[in-house]
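These notes are about the structure you will find just below.
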Amino acid sequence: MDSTPVEYRGCELSAIVRHLSGEFVATLLIERPGGVRRAIGPFRSFPTAQAAEGFAIEYGKAELDGRLAVCGPRVAVSG
């Protein structure tokens, strides 16, 4: 499922959502003016396609706002 693009801060945000192994996975696409594209993800383990899409779009907004840099990088640790 490809989402409808969302305009935010002069950029276009969209998500590609796939259903894999019983979970929904989203990849965020950010297209900046001039056609420069960047993919972020995949973001995993959402119960619905809508939840995966919503998370990816909100993540993109936070990225463009610079809110993610304030929090610092997050690292997953497995025990």
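These figures come from a predicted structure and were not determined experimentally.
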I need the minimum non-hydrogen distance between Ala52 and Val17, along with the two atoms involved. CB-CG1, 4.1 Å

Same apolar cluster: Val25 and Phe55, side chain cutoff 4.5 Å: no

Filter on salt bridge (Lys or Arg N to Asp or Glu O under 4.0 Å), then keep only pairs touching residues 6-16, sequence neighbours left out; what's left? Arg9-Asp65

Can you find a pair of side-chain heavy atoms, one from Glu53 and one from Val6, that are under 4.5 Å apart? no

So, do Leu29 and Ile16 sit near enough that their side-chain heavy atoms are less than 4.5 Å apart? yes

As an exercise, state the distance from OH of Tyr59 to CG of Leu13, rounded to the nearest 0.5 Å. 12.5 Å

Restricting to non-hydrogen atoms, name the atom on Pro33 and the atom on Cys11 that form the minimum distance, rounded to 0.1 Å. CD-SG, 4.1 Å

Between Glu63 and Arg38, is the closest basic N to carboxylate O distance under 4.0 Å? yes

Nearest 0.5 Å please: distance from the CD atom of Glu58 over to the CZ atom of Phe43. 11.5 Å

Taking salt bridge (Lys or Arg N to Asp or Glu O under 4.0 Å) as the test, write out the residues that go with Arg37, two or more places apart. Glu31

What closest approach, in Å, do Gly60 and Leu28 show between heavy atoms, and which atom pair accounts for it? CA-CD2, 3.4 Å

Which atom of His19 lies closest to which atom of Phe24, heavy atoms considered: CD2-CZ, 3.3 Å

